[in-house]
Novice: 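Pasting in a structure now, in structure tokens, and then I'll have a few things to ask.
The chains referred to below are lettered A, B, ... by the order of the sequence lines, with proteins before strands, and numbering in each begins at 1.
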Amino acid sequence: MKTLQAVRGMHDILPSDAARWQWLEQRLAERLTAYGFGEIRIPVVEKTELFTRAIGQGTDVVEKEMYAFPDRNGESLCLRPEGTAGVVRAVLQHGLLNPPGLKVWYQGPMFRHERPQKGRQRQFHQTGVEIFGMETPETDAELIAMAGRLWRELGVDHLLRLEINSLGDREDRERYRTALVDYLRPRVDRLDADSQRRLETNPLRILDSKNPETRSLLVDAPRLDEHLGDEARRHFERVTALLDALGIAWTHNPGLVRGLDYYCRTVFEWTTDALGAQGTVCAGGRYDDLVEIQGGRATPGIGFALGMERLLALVESTGQQFEHRPHAYLVSSEAGAARLGLAERLRDHWPALRLITDLQGGSFKAQFKRADRSGAAVALVLGEAELAAGEVTIKDLRGDSPQSSVPADRLGAELRRRFATDGPDVAASGEPA
RNA sequence: GUGGGCGUAGCUCAGGGGUAGAGCACUGGAUUGUGGCUCCAGCGGUCGUGGGUUCAAAUCCCAUCGUCCACCCCA
């Protein structure tokens, strides 16, 4: 029988990697909770219509990247390509916007049918946050400040920079869209093929084209920031003033448009050049019209999503240690029940003890080899001699202090004494190899 | 969706028409109760898959799948 492979662009997270995922997930969850966000868990599959409505027909995500398939009853379903649309759906379905203020976060896999490359997979993971019912500039600023705090806590703030822009309100964008199309239409033959197509479907996206010829055309094009209405302009000025007051560095990128149609007003992106071509680690913005588009009462919203694989790659590049190395590894001769009994008594005595019992057996040599490989700090030896004497031998696997024996009933206390300098966080902070 | 690189042992890779290799890892021994260092021995592969050319294919050709990188786009 031939063995099968995972689907292209969808990767296993093996036990050797899972420790770092847990490390990161735990830190994010703690921080988001501390800012008053509650977790929401929603399905991975939604009706396709949810995304076409929310993200927009003219976007790449909807046009060519969705994993859509017919359900048995013929209805089109879809592996979610992003989280916000589903959160809005759930929030409306369960009436969570009564009263209107709500802060939620989510974490999980997303799916986009793209060609895989560095920092881009077909199944990838995002952690995202959404705030509903709050339209003040302080909301935008606190959200961005929280992201900045995350980067500091994870030790990657020096690798990221913040770009920010305002897309204005819907009417502003419509006026600007007309002006932009009026400018580009007579010059259409100088646009690259993608931009020509977007002139009809989604003209604003032409703004972040990287094609040099197209870029040179855009130099004299009408500017989005000159078409902002008074309210949107004041909002943006207030947000950036707050960022300045909080000491958060930002740069204004007038070409920052984002690929999803639902954004308005403030949009932002944290990018890095440490990750190859996929520089965006976290991105988001305001979506004040989305709840209404999805059939709810008009409610402002804002949020961001961060790419877990990308963020993890950044954290790893700093040399962060994630391993939970065992405290002890129990080696024994033939003492079956005695061995398991000893291990269980130790776990009763000290529930957080990271203890591995050798279940494969074999020679002491083989058992000690596995003890060493496990990374454990000490080996506990329960052999015939120890059994007869009611003792257990402790052997230091990482230093050269001589091994010693203690009465079995004092072993737990002795281990706690030895690892007393280990705070509960010792595993997370790592130990020298 | 487009372009290019790469698929040989668990891992990293060499070999480019004529008997399938190395290092690391793994197992055992030197060391019958002690890991790491050293030495010795051993296990391990339908050379990604399918087809073609040839007396002969890991090697050349075609297709396909996967992977990596870039374009595009995005987290």
Novice: Reckon A:Val61 touches a base, only the sugar-phosphate, or nothing at all at heavy-atom distances under 4.0 Å?
Specialist: nothing
Novice: Taking the side chain of A:Ala277 as its heavy atoms from C-beta onward, which of B:A75, B:A70, B:G33 lies nearest to it?
Specialist: B:A70
Novice: For B:G44, does the glycosidic angle fall within 90° of 0 (syn) or outside that (anti)?
Specialist: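 Base orientation relative to the sugar is anti.
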Novice: What's the CE-P distance between A:Met10 and B:C65, to the nearest Å?
Specialist: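 Result: 15 Å.
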Novice: If the threshold is 4.0 Å, N to carboxylate O, is there a salt bridge linking A:Glu114 and A:Arg122?
Specialist: no
Novice: Determine the contact category for A:Gly9: base if any of its heavy atoms lies under 4.0 Å from a base atom, sugar-phosphate if only primed atoms, P, OP1 or OP2 are that close, otherwise nothing.
Specialist: sugar-phosphate
Novice: When only distance counts, do a donor and an acceptor, one from the side chain of A:Arg120 and one from the base of B:C72, lie under 3.5 Å apart?
Specialist: yes
Novice: For A:Arg205, report the nucleic acid contact type (base, sugar-phosphate, nothing); a contact means any heavy atom under 4.0 Å.
Specialist: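 Touches sugar-phosphate only.
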Novice: A:His113 or A:Pro116: which one's nearest nucleotide on RNA chain B is closer to the 5' end?
Specialist: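 Its nucleotide being nearer the 5' end, the pick is A:His113.
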Novice: Quantified in whole Å, what is the P atom distance between nucleotide B:G33 and nucleotide B:G28?
Specialist: 15 Å
Novice: Checking A:Asn253 side chain against A:Glu163 main chain: does a donor-acceptor pair fall under 3.5 Å?
Specialist: no
Novice: Within the structure shown, what part of the strands sits under 4.0 Å from A:Gly276 by heavy-atom distance: base, sugar-phosphate, or nothing?
Specialist: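 Sugar-phosphate contact only - A:Gly276 comes under 4.0 Å of backbone atoms but never of a base.
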Novice: Using the P atom on both, measure B:A25 against B:C39 and round to a whole Å.
Specialist: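 One P to the other, the span is 12 Å.
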Novice: Taking atom types as modelled, find out whether A:Glu309 and A:His125 have a side-chain donor-acceptor pair closer than 3.5 angstrom.
Specialist: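 Distance-only check passes for A:Glu309 and A:His125.
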Novice: Suppose you measure atom C1' in B:C6 against the same atom in B:U59; what distance do you get, rounded to whole Å?
Specialist: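 One C1' to the other, the span is 16 Å.
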Novice: Charged N to carboxylate O below 4.0 Å: is that the case for A:Glu49 and A:Arg53?
Specialist: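 Here A:Glu49 pairs with A:Arg53 in a salt bridge, since their nearest N and O are under 4.0 Å apart.
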Novice: Any donor-acceptor pair under 3.5 Å linking the side-chain atoms of A:Asp289 with those of A:Tyr262?
Specialist: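 Per modelled atom types, A:Tyr262 and A:Asp289 side chains form no pair under 3.5 Å.
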Novice: Could you state the CG-C1' distance from A:Leu204 to B:C74, rounded to the nearest angstrom?
Specialist: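 Rounded to the whole Å, the gap is 17 Å.
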Novice: All N/O contacts under 3.5 Å from nucleotides 36-45 of chain B to the protein, with atom names and distances to one decimal?
Specialist:
unit_1, atom_1, unit_2, atom_2, d
B:G36, O4', A:Asp372, OD2, 3.4

Novice: Calculate the interatomic distance between A:Gln360 atom CD and B:C26 atom P; express it in whole Å.
Specialist: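 Those two atoms, CD and P, are 12 Å apart.
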Novice: Base, sugar-phosphate or nothing for A:Ala385? Non-hydrogen atoms, less than 4.0 Å.
Specialist: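 It contacts base atoms.
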Novice: Roughly how many Å is it from CZ in A:Arg112 to P in B:G1, rounded to a whole number?
Specialist: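 Taking atom P of B:G1 as the reference, CZ of A:Arg112 is at 17 Å.
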Novice: Please report, rounded to the nearest Å, how far the P atom of B:C6 is from the CZ atom of A:Arg8.
Specialist: 17 Å
Novice: Between the base of B:G33 and the side chain of A:Gln367, is there a donor-acceptor distance below 3.5 Å?
Specialist: no
Novice: Using the C1' atoms only, state how far B:U67 lies from B:G51, rounded to an integer number of Å.
Specialist: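 About 23 Å, rounded to a whole number of Å.
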Novice: Mind calculating the distance between NE2 (A:His11) and C1' (B:U67) to the nearest angstrom?
Specialist: 8 Å
Novice: Any luck finding a side-chain donor-acceptor pair between A:Tyr35 and A:Glu142 under 3.5 Å?
Specialist: no
Novice: Using a distance-only test with no angle check, is there a side-chain donor-acceptor pair under 3.5 angstrom linking A:Asp225 and A:His252?
Specialist: no
Novice: Does RNA chain B take part in any stems of at least 3 consecutive Watson-Crick or G-U pairs (both distances under 3.5 Å), and if so, which ones?
Specialist: B:1-7 with B:65-71, B:10-13 with B:21-24, B:26-30 with B:38-42, B:48-52 with B:60-64
Novice: Considering only atom P, compute the distance from B:C26 to B:G36 and round it to an integer number of Å.
Specialist: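 It works out to 9 Å between them.
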Novice: Using the C1' atom in both, what is the distance from B:U2 to B:C73, to the nearest Å?
Specialist: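 Each nucleotide's C1' atom is 13 Å from the other's.
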Novice: For A:Arg197, report the nucleic acid contact type (base, sugar-phosphate, nothing); a contact means any heavy atom under 4.0 Å.
Specialist: nothing
Novice: Whether A:Arg27 and A:Glu30 form a salt bridge (side-chain N of Lys/Arg under 4.0 Å from carboxylate O of Asp/Glu) is what I want to check.
Specialist: no
Novice: Calculate the interatomic distance between A:Leu256 atom CG and B:A75 atom P; express it in whole Å.
Specialist: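 For the pair A:Leu256 CG and B:A75 P, the rounded distance is 10 Å.
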Novice: Could you tell me how far B:G5 sits from B:A63 if I compare only their P atoms? Round to whole Å.
Specialist: 14 Å
Novice: Parallel, tilted or perpendicular: which fits the ring planes of A:Trp270 and A:Trp151, with parallel below 30° and perpendicular above 60°?
Specialist: perpendicular
Novice: To the nearest Å, give me how far apart CZ (A:Arg115) and P (B:G5) are.
Specialist: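 Interatomic distance, CZ of A:Arg115 to P of B:G5: 13 Å.
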Novice: Does atom NZ of A:Lys103 have more than 12 heavy-atom neighbours from other groups under 6.0 Å away?
Specialist: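 For A:Lys103, atom NZ is crowded (more than 12 foreign heavy atoms under 6.0 Å).
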Novice: Given the C1' atoms of B:C24 and B:U19, what is the spacing between them in whole Å?
Specialist: 26 Å
Novice: Report yes if the ring of A:Phe364 lies under 5.5 Å from the six-membered base ring of B:U34 with planes under 30°, and no otherwise.
Specialist: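 Not stacked: fails the 5.5 Å / 30° test.
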Novice: Quick one: label A:Ala371 by what it contacts on the DNA or RNA (base, sugar-phosphate, nothing), any heavy atom closer than 4.0 Å.
Specialist: nothing
Novice: Ring centres under 6.0 Å, that's the criterion: do A:Trp350 and A:His327 meet it?
Specialist: yes
Novice: Across the strands shown, which category fits A:Gln403 at heavy-atom distances under 4.0 angstrom: base, sugar-phosphate, nothing?
Specialist: base
Novice: When you check the side-chain N and O atoms of A:Glu386 and A:Ser405, is any donor under 3.5 Å from an acceptor?
Specialist: no
Novice: Heavy atoms from C-beta onward define the side chain here; which of B:G33, B:A75, B:A70 lies closest to that of A:Gln117?
Specialist: B:A70
